[in-house]
Amino acid sequence: MERRPRSPGEVIALCRERGIQIVDLKFTDLPGTLQHFSIPARALDEGVFRDGIGFDGSSIRGFQHIQESDMLLVPDPSSAFVDPIYRVPTLSVICDVRDPVTGERYWRDPRYVAQKAEAYLRESGIADTAYFGPEVEFFIFDSVRYDQNEHCGYYFVDSEEGAWNSGREGKNLGHRPRYKEGYFPAPPTDSLQDLRSIAILKMMEAGIDIEVHHHEVATAGQGEIDMRYQTLTRMADQVMLYKYILRNVAREHDKTVTFMPKPLFGDNGSGMHVHVSLWKDGENLFYDPEGYAQLSLLGMYFIGGLLRHARALCALIAPTTNSYRRLVPGFEAPVNLVYSQRNRSAAVRIPVYSRSPGAKRIEFRTPDPSCNPYLAFAAILMAGLDGIFNETDPGDPLDTDVYELSPEELADLHTVPGSLDEALRELEEDHEFLLRGSVFTSDLLGTWLEYKRRREVDPVRLRPHPYEFYLYYDT
């Protein structure tokens with residue numbers, strides 16, 4: 001991986017050196033979808049990095065109303081990279097959003113929220129760096145079709161790897177992952193090795209440090225690519241680029257990628273386990289050789305904050321109605337608001353693979369890849385810091401198999417919300433911790449709640465579900 005440019009001058013020089021013809025300006029809307037527009041490379045000068053380029057903010061989800069639509073994109077030179085997707089030589093730059101009237105950063109720009117969270121951490125004096133390492137899972141399908149209108153609603157997904165194709169007539173070579181048996185099979189059962197390898201090579205070209213990739217538990221092409229830990233905003237940038245690159249590589253191979261948490265019934269969903277550690281002056285503050293699972297008291301307080309605010313966090317870290325098809329009590333999903341050093345049914349796990357001080361971290365297992373990573377990572381950090389400020393005791397670990405607990409013991413466990421609607425109510429009641437340091441604002445949270453209810457919760461609630469016909473048509 002080549003060194004990223006650090007200044008506007010270095011970006012412009014890189015364009016000349018690499019024969020760049022197009023500059024692509026990328027940013028993220030409030031729900032978490034990557035947006036872009038492009039300019040000729042000859043139009044890129046230092047003034048663009050200073051003054052920005054205008055765009056219509058009223059056409060971007062969660063941004064401005066039509067009467068206040070003019071907004072500015074200001075490229076961040078440290079984010080520039082030669083884009084590995086386009087055929088025309090293109091430099092991509094991630095941008096910050098500004099208000100053209102005041103010149104100030106835009107409070108609904110998700111990237112600004114992540115940057116404010118990092119600044120708040122430094123100002124707190126607790127730590128100077130928060131490292132994040134998400135495990136982003138996904139499905140690679142061969143085809144998908146779906147529709148929803150007044151008189152019908154359906155979806156069909158298919159994968160050459162799907163266990164349901166084992167009995168398909170015609171040419172059929174077998175070797176498909178059985179349901180819940182897709183973890184680590186070698187080719188030919190894992191038929192997507194090369195596609196994932198091509199994707200990670202392109203990610204590395206874009207400056208993303210990759211650690212590992214593999215098939216995941218579910219049938220039908222579930223996979224995972226893990227990035228080496230990075231600082232909060234930089235990692236959120238990388239998650240957006242990860243999705244962008246993987247989708248386009250799959251498209252080149254006539255396949256399609258989804259980061260929906262639960263696209264298949266009867267098999268594992270896709271999560272995004274998030275590893276977090278706090279550092280100060282080069283020292284990992286989460287490490288204590290004498291602590292439970294070698295975790296420090298400060299790390300325990302961080303867990304305490306996560307568990308205390310987890311139900312509200314779900315509105316940001318598991319923010320779709322589909323998220324709650326994955327987060328169902330009684331199954332493998334991490335719905336129990338407890339912690340453990342090895343128990344994967346706990347919301348928070350403390351990995352014990354390594355006893356190295358630098359490797360000590362906590363793993364928050366409830367998030368999924370449908371989230372906006374800028375908002376999700378910032379919210380996770382703010383909840384953990386609240387736990388540290390208040391010295392929140394996370395209680396005793398749950399190292400017992402949750403499926404062996406008695407009904408009485410299970411009744412004592414707190415769990416995540418059962419629906420997006422419930423999670424939004426929790427956020428409405430518990431969000432003061434997010435407002436500290438003006439990291440989140442009441443305006444942004446109000447916009448998020450209104451958008452999610454009007455555009456997602458209510459439309460799903462108003463439509464009959466296909467399975468309801470199976471259950472009730474003859475009643």
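FYI, the numbering just counts along the sequence from 1.
In this structure, K452 does not pair ionically with D421, as no charged nitrogen and carboxylate oxygen lie closer than 4.0 Å. Ion pairing between a basic and an acidic side chain is recognised when a charged N comes within 4.0 Å of a carboxylate O; R176 and E160 show such pairing. A salt bridge does not link R98 to D96: none of the charged nitrogens lies less than 4.0 Å from a carboxylate oxygen. Ion pair D386/R308 flagged as a salt bridge, since at least one NZ, NE, NH1 or NH2 atom sits closer than 4.0 Å to an Asp/Glu carboxylate oxygen. A salt bridge does not link E150 to R463: none of the charged nitrogens lies less than 4.0 Å from a carboxylate oxygen. Taking the charged nitrogens against the carboxylate oxygens, D237 and R111 do have a contact shorter than 4.0 Å, which makes a salt bridge. Using a cut-off of 4.0 Å between Lys/Arg side-chain N and Asp/Glu carboxylate O, D109 and R105 are scored as salt-bridged.
Remark: H253 NE2 is packed, more than 12 non-hydrogen atoms of other residues, nucleotides or ligands lying under 6.0 Å away. Within 6.0 Å of CZ on R178 lie no more than 12 heavy atoms contributed by other residues, nucleotides or ligands. Environment of OH in Y154: crowded, with over 12 heavy atoms of neighbouring residues, nucleotides or ligands closer than 6.0 Å. Heavy atoms from other residues, nucleotides or ligands lying under 6.0 Å from CZ of R61 number more than 12.
No side-chain donor-acceptor contact under 3.5 Å links T129 to the backbone of L278. In terms of modelled atom types and a separation under 3.5 Å, the side chain of T366 and the main chain of P334 share a donor-acceptor contact. Under a 3.5 Å cut-off, the side chain of Q341 and the backbone N or O of V352 do not form any donor-acceptor pair. In this structure, the side chain of Y324 engages the main chain of A318 through a donor-acceptor pair within 3.5 Å. Checked by atom type and distance alone, the side chain of N284 pairs as donor or acceptor with a backbone atom of K360 at under 3.5 Å. With hydrogens and angles ignored, the 3.5 Å screen pairs no side-chain donor or acceptor of E118 with any backbone N or O of A130.
In this pair, H214 and Y183 present their aromatic rings perpendicular. The plane angle is above 60°, beyond the 30 to 60° band.
Judged purely by distance below 3.5 Å, without hydrogens or angles, the side chains of E211 and Y229 never pair a donor atom with an acceptor atom. A side-chain donor-acceptor contact under 3.5 Å links E161 and S191. Judged by distance alone, the side chains of W279 and S277 do bring a donor and an acceptor atom under 3.5 Å apart. A donor-acceptor contact closer than 3.5 angstrom is absent between the side chains of T441 and D443. Counting only N and O atoms by type, the side chains of D24 and S38 include a donor and acceptor under 3.5 Å apart. Side-chain contact, Q193 with H215: no donor N or O sits under 3.5 Å from an acceptor N or O. Defined by atom type and a distance below 3.5 Å, a donor-acceptor pair is missing between the side-chain atoms of S197 and D194.
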F27/F55 under ring pair (Phe, Tyr, Trp, His ring centres under 6.0 Å): CA gap, chis, key distance, verdict:
CA-CA 12 Å; F27 66 104; F55 73 100; 5.1 Å; yes
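Less than 6.0 angstrom separates the ring centroid of Y106 from the ring centroid of F63. Taking the six-membered ring for Trp, Y467 and F469 have ring centres at least 6.0 Å apart. F364 has its ring centre no less than 6.0 Å from the ring centre of H273. For F286 and F302, the gap between ring centers is short of 6.0 Å. Two rings, from Y374 and Y112, have their centers 6.0 Å or more apart.
Tested against V136, the residues S270, P369, P373, P367 include a single side chain to side chain contact (heavy atoms under 4.5 Å, CB included) partner, P369.
Annotation: cation-pi geometry not satisfied between K255 and F141 (NZ/CZ under 6.0 angstrom from ring centroid, within 45° of ring axis).
The shortest side-chain heavy-atom distance between P134 and M227 falls under the 4.5 Å cut-off.
Going from atom CZ of R425 over to atom CD of E429 covers 8.0 Å, rounded to the nearest 0.5 Å.
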